[in-house]
Every structure is written in structure tokens, then in C-alpha cells.
Amino acid sequence: MSLVLYDTLTRQERSFVPREEGKASLYICGPTVQGDAHIGHGRAAVVFDLLRRHLEWSGLEVTHVSNVTDIDDKIILRARRERVDPAVIATRYTRAWNRTMDALGVLPPHVQPYATGHLLEMQALITTLIEQGKAYAVDGDVFFRVRSFERYGRLSGRQVDDMQQGEDVVDADRKEDPLDFALWKAAKPGEPAWPSPWGDGRPGWHIECSAMAAKHLGHGFDIHAGGLDLVFPHHENEIAQHEAAHGGVFARTWVHNGMVRMGEEKMSKSIGNVVSLEDAIATYGVGPLRLWYLSAQHRTPLTFDTDRLHDATTVHARFTTFLRSARRAADGVEPAGDIATRHRDAFRAALDDDLNAPVAVASLHELVGVGNELLPAAERGDADARAQVAALADALEELGDRVLGLDLGGSLADAAGLEAQLGALVEQLLEQRQQARADRDFAAADAIRDQLAAAGVVVEDRPDGPRWYAGTPAGA
RNA sequence: GGCGGGGUGGCCAAGUGGUAAGGCAGAGGACUGCAAAUCCUUUAUCACGGGUUCGAUUCCCGUCCCCGCCUCCA
């Protein structure tokens with residue numbers, strides 16, 4: 001494949017050359033399970049799901065690891081508020097996360113490691129760092145000695161000496177240097193704690209990803225991905241921990257997605273302008289929601305507003321409408337050879353170019369445009385047109401569903417279930433309507449059409465008679 | 001203050017040193033009893049000022065504006 005990705009570390013687009021021929025190793029920073037997922041999480045999930053699907057579609061065998069941070073200050077805080085064990089919170093929101101990701105059409109990771117399941121790996125890494133003089137223990141805490149790692153700041157483009165050294169540094173009294181960060185935190189009363197060489201305590205946030213990524217993907221794996229807001233300090237620290245301890249390269253390529261904004265602001269829990277992912281899926285549907293996520297290049301900010309979601313809904317309807325018509329007109333027809341090649345090539349080239357999803361979607365629009373032109377001939381029974389329409393429909397499902405996860409075929413399948421149930425009833429009403437039309441009693445005919453529309457059945461009058469389907473009209 | 005990303009038609013959004021994809025919306029037309037769906041036609045000199053160049057929206061400098069990170073965060 002000839003995929004090019006923008007790499008945050010080198011700040012340039014680089015050809016993707018896997019560590020191991022034919023395979024790709026992918027670590028995607030997962031959630032801290034302390035609350036429901038929001039549409040910002042959804043963007044990261046969809047962007048990197050696209051990356052994975054594109055890699056697989058290109059023939060690579062992908063190993064996708066995505067962690068769950070199941071021990072952390074906020075989990076403890078929430079547990080305290082609800083008067084339950086932190087593990088209850090972590091389990092609840094891990095399950096909710098996985099359920100929502102499933103609803104979003106995100107392929108599940110091959111390995112979903114839990115922080116609390118990797119304490120020994122983390123402690124081993126910390127021990128190595130201490131032995132090398134790159135970390136130090138103070139009263140049960142262990143800190144990373146930032147200035148001992150000369151490449152610190154490379155990922156986020158900072159000079160260590162330029163870093164703001166705020167007055168309110170946590171644990172300032174025990175740190176050698178305000179820049180140092182915690183690898184291990186000594187237990188406080190009432191908090192979950194695990195035994196360690198430095199006393200009971202729990203891991204710092206960053207250490208888990210260093211330990212788990214290396215364990216499940218090895219040293220120098222291919223792609224580490226996450227939100228742009230994780231670049232500093234999280235990913236910077238992950239690199240420092242791993243590379244200080246082991247030398248070499250932690251991850252070969254760093255891919256980051258841009259933030260979701262609400263109006264002119266970033267969406268974030270601290271501002272309180274958060275839209276739940278589950279609600280968004282329920283309101284707009286997976287396909288339109290994913291189209292919205294894919295409407296901008298993955299590194300640029302993306303603004304949430306209902307007009308844009310509405311646009312995405314319209315686009316989704318255009319695609320499903322063509323697919324529905326194409327399947328009817330060319331059901332079971334042997335697809336023609338290469339009519340879709342041009343679109344497939346354009347689509348692939350777009351994604352190869354740093355996952356240029358907007359251009360990939362544009363190639364789908366062009367495919368659908370060609371298909372719609374051929375549709376009348378196909379519906380008349382023209383054999384060539386039917387074969388071409390069949391090929392375009394196949395390509396649309398392959399690219400739109402398999403690679404972009406737009407749930408085109410799924411939407412039609414859902415509708416088909418309803419149609420099977422409603423069929424007899426609708427057919428009878430349509431007969432009455434045809435009679436009314438023949439009698440030029442258009443008021444009666446329109447009344448039936450309105451009635452059906454209210455029940456979720458769309459009627460279209462075609463040259464060869466009425467046609468109907470379960471759903472709402474496009475653009476409604 | 002440090003670092004980074006942006007300002008493209010009414011809206012969204014690609015892109016290139018040789019006068020700018022695609023979508024949404026709008027307008028007109030075809031089709032229709034009316035619709036729906038679909039098709040056709042139609043709307044931009046790319047924030048501003050300099051510079052480099054035969055030629056810049058695309059390269060350089062400056063200005064203005066927006067946004068993100070620098071603290072938990074996808």
C-alpha cells in the first residue's frame with residue numbers, strides 16, 4: 001500500500017512502512033472509564049476506526065490494542081460520591097463504552113488491556129527507570145526525572161527550559177524538579193492501593209500506556225494514536241518512560257485527531273458543553289453521524305451543530321436511496337467489470353493521502369451520480385445498464401460500508417424488515433390509491449399517501465407504477 | 001509569554017506555482033395530476049499589504065482575526 005500519514009513527532013507526512021511486512025500494529029489511547037462517552041470520544045474512535053479499516057482493506061493484518069484506564073483520580077472521586085467501590089464505576093463505564101462503540105460501528109480492538117491488570121508490568125518498568133537513575137522514590141511516590149531524558153519535549157515541540165513552571169505544582173515539596181511527573185502514587189487513606197516495592201499505592205496515569213503498549217505490541221510498534229489534547233503531557237511522557245528505560249523507539253508514527261468544538265469553543269467536561277455520544281447516535285443514526293465525523297480532515301477542528309448533522313443526514317439518504325434503487329433495478333445481476341474502478345481508485349488514493357475522508361466521500365458522490373444516470377436504463381431492463389448499476393452498488397457498499405462504516409446496507413436491511421411486515425397492508429392501500437388516481441380523485445389519492453407517510457412509508461410514483469419503502473423522505 | 005493549527009462561493013469542505021474537487025442550501029429547467037426521487041444548467045479570483053516568479057490562492061515577510069496545547073481531557 002502507499003499510505004502516507006502525518007506524523008506528529010516529525011511534523012511531516014511520511015510513507016507508512018510497517019515494522020513487519022504485511023502487518024500493522026496500532027495502539028489507540030482508550031477511555032478513562034469515569035463517565036459516559038461524548039461526541040468528542042466518538043470522533044477519535046471513528047477516525048482511528050477508519051485508519052484500521054483502511055489498513056485492513058489494503059490487505060494488512062492489523063493488531064489493534066486499545067486500553068481502558070480503570071484506576072484514576074476521577075474514578076475514585078465518583079465512587080466516593082456514589083458511595084460504591086471504584087471498581088463498580090470502572091466496570092459500569094467500561095461496559096457502557098463498549099456498548100456505545102459497538103453502536104457506533106467501531107470495530108472492537110483485538111486486545112483491550114486494563115490498567116489494573118498490568119500493575120506488574122508497570123512496576124517492572126518503574127524499577128528499570130529507578131535502577132538507571134531516571135526515576136526516584138520519595139515517601140512511597142515515584143517520580144520520573146524529566147531532565148534525565150534528553151529528548152523530552154520532542155513530540156510536543158517544547159524546550160524543557162521553556163516549560164511553564166507554575167506555582168501550584170502538585171507534590172512540589174517532594175519533586176526534585178517541578179517538571180517531574182508521577183510514575184507511582186503512594187496510597188492515601190480510603191483509596192484503592194496495590195502493593196509495590198515502594199509501598200502500597202497506585203500507578204500514575206502515563207505509565208500504563210507505556211507498559212501495556214510494549215507488552216501487547218512490542219517495542220517500536222507502528223502507530224500510536226489519540227486525541228490532539230493527549231500530545232502533552234500524556235504521550236510525551238509515554239515516550240519518555242519507554243525510551244528512557246529501553247532505548248530505541250517506542251512508537252514509529254504518532255497520529256492525532258483534532259478536537260470537536262461547540263460553536264467557537266472546544267467541547268469539554270470542564271466547560272460543560274458536552275453532547276453524549278449515545279444521544280447523538282440515537283438522534284442522527286450511525287451513518288449520518290459517521291458522515292459528519294468524516295466531513296473534515298481528521299486533524300482539523302470539527303464543529304458540532306445541527307445544520308451540519310442535517311447535511312450529513314441528507315448525504316446519507318442520497319447514498320441509501322441510490323443503493324435501494326440500484327438493488328431493485330439490478331437484483332441478482334452479474335456486475336459489469338470495471339465501471340467502478342475509477343471511483344475505487346480515487347477513493348483509495350484519498351485515504352492513502354493521510355486519510356483524506358472528505359475527498360473519499362466526494363468519490364462516492366461521483367459514483368452515485370454516475371449510477372443515477374444509468375438507473376433509468378437499468379430500470380427499463382437494459383442489460384448493460386443493469387450490470388453497471390450492479391457494479392456501482394457493490395462498490396458503494398464496499399467503500400461506504402466496509403471502509404467508512406456508513407451503515408448503508410444496514411439501513412436498507414432494517415427497512416426491509418419493516419417492509420416485510422407492512423407489505424400486505426401497504427399494497428392494499430396503494431391499490432385503492434391507484435384506483436383513485438385513475439378516477440382523477442387526487443384528493444383521495446393524496447390522503448392515502450399522506451396517511452402512509454405519517455406511518456413511515458414513503459410512496460413514489462414511477463413511470464411503471466408506484467413504489468414504496470419504509471423510511472422518511474430524504475432531507476426531512 | 002512559549003509551541004502548534006487555521007482564515008477558500010450563502011453554509012460545510014478539498015486542493016494546486018499556471019486562473020479552484022465534492023456536498024448542503026438557493027435559482028431556473030426536465031420528469032410528475034401534484035409530490036418524491038433523479039437528471040441538466042447556474043453562483044468564488046481563495047483575510048489584508050508587500051515580496052520572489054513569466055505567472056501565486058498555493059512560496060517568503062509583515063498585519064489583522066479565529067482556534068488548540070502549555071493543568072484532567074478524545
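Below, read A as the first sequence line, B as the second, and so on, with proteins coming before strands; counting in each chain starts at 1.
Take the nearest nucleotide of RNA chain B for A/His41 and for A/Val231: the residue whose nucleotide is more 5' is A/Val231. The 5' end of RNA chain B is approached more closely, in terms of each residue's nearest nucleotide, by A/Asp311 than by the other of A/Ala443 and A/Asp311.
Annotation: B/C40 and B/G49 have their P atoms spaced 38 Å apart (nearest Å). Taking atom P on both nucleotides, B/U57 is separated from B/G51 by 14 Å, rounded to a whole Å. Between B/C67 and B/U58, the distance separating the two P atoms is 24 Å to the nearest Å. When the C1' atom is compared between B/C46 and B/A14, the two are found 13 Å apart, to the nearest whole Å.
Of the possible polar contacts, none joining the A/His54 side chain to the A/Leu51 backbone as a donor-acceptor pair under 3.5 Å is found. Side-chain N or O atoms of A/Ser66 include one that pairs as donor or acceptor with a backbone N or O of A/Ile28 at under 3.5 Å. Checking side-chain atoms of A/Asp222 against main-chain N and O of A/Ser25 turns up a donor-acceptor pair under 3.5 Å.
The residue A/Val459 sits close to a base: some heavy atom pair falls under 4.0 Å. Backbone-only engagement by A/Ser156 is indicated by non-hydrogen atom pairs under 4.0 Å involving sugar-phosphate atoms exclusively. Within the nucleic acid shown, A/Gly258 comes within 4.0 Å of at least one base atom, counting heavy atoms only. Across all strands shown, A/Phe442 has heavy atoms under 4.0 Å from base atoms, whether or not it also approaches the sugar-phosphate. Across all strands, A/Glu366 comes closer than 4.0 Å only to sugar-phosphate atoms, never to a base (heavy-atom distances). Using a 4.0 Å heavy-atom criterion, one finds that A/Val47 contacts no nucleic acid atom at all. Among the atoms of the strands shown, base atoms are found under 4.0 Å from some heavy atom of A/Arg433. In this structure, A/Gly157 reaches the sugar-phosphate backbone alone: every heavy-atom distance under 4.0 Å involves primed, P, OP1 or OP2 atoms, never a base. Base contact: A/Arg437 has a heavy atom under 4.0 Å from a base atom. Note on A/His234: nothing from the nucleic acid sits closer than 4.0 angstrom, heavy atoms only. At the heavy-atom level, A/Leu230 lies under 4.0 Å from the strands shown only through sugar-phosphate atoms.
Using a 4.0 Å cut-off between a side-chain N of Lys or Arg and a carboxylate O of Asp or Glu, A/Asp407 and A/Arg290 do not qualify as a salt bridge. For A/Asp161 and A/Arg147, the salt-bridge test passes: some basic side-chain N is under 4.0 Å from an acidic carboxylate O. The residues A/Arg202 and A/Glu208 are annotated as not salt-bridged, no charged nitrogen and carboxylate oxygen being separated by less than 4.0 angstrom.
Using modelled atom types, one finds a donor on one side chain and an acceptor on the other under 3.5 Å when comparing A/Asn67 with A/Tyr27.
Under the rule for a salt bridge (Lys or Arg N to Asp or Glu O under 4.0 Å), A/Glu278 has no partner lying at least two apart in sequence or in another chain. Residues that satisfy the side chain to side chain contact (heavy atoms under 4.5 Å, CB included) test with A/Ser156, not counting sequence neighbours, are A/Arg158, A/Val231, A/Phe232, A/Glu236.
Taking only distance into account, the side chain of A/Arg440 never meets the base of B/G33 through a donor-acceptor pair shorter than 3.5 Å. With hydrogens and angles ignored, no donor-acceptor pair closer than 3.5 Å exists between the side chain of A/Arg261 and the base of B/C66. Evaluation of atom-type donor-acceptor distances gives no pair under 3.5 Å for the side chain of A/Arg467 against the base of B/A37. In terms of polar N and O atoms assigned as donor or acceptor, the side chain of A/Asp446 comes within less than 3.5 Å of the base of B/G33 in a complementary pairing. A donor and an acceptor atom sit less than 3.5 Å apart, one in the side chain of A/Asp461 and one in the base of B/C34.
A sub-4.0 Å separation between OP1 or OP2 of B/A74 and a side-chain N or O of A/Arg299 is absent. Phosphate contact (OP1/OP2 of B/C12, side-chain N/O of A/Arg308, threshold under 4.0 Å): present. Dashed line: the shortest gap from a side-chain N or O of A/Asn356 to OP1 or OP2 of B/G15 is under 4.0 Å.
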Could you run down the sub-3.5 Å N/O contacts of the protein with nucleotides 27-30 of chain B?
none

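Nucleotide B/A37 holds its P atom 14 Å from the CG atom of A/Leu375, rounded to whole Å.
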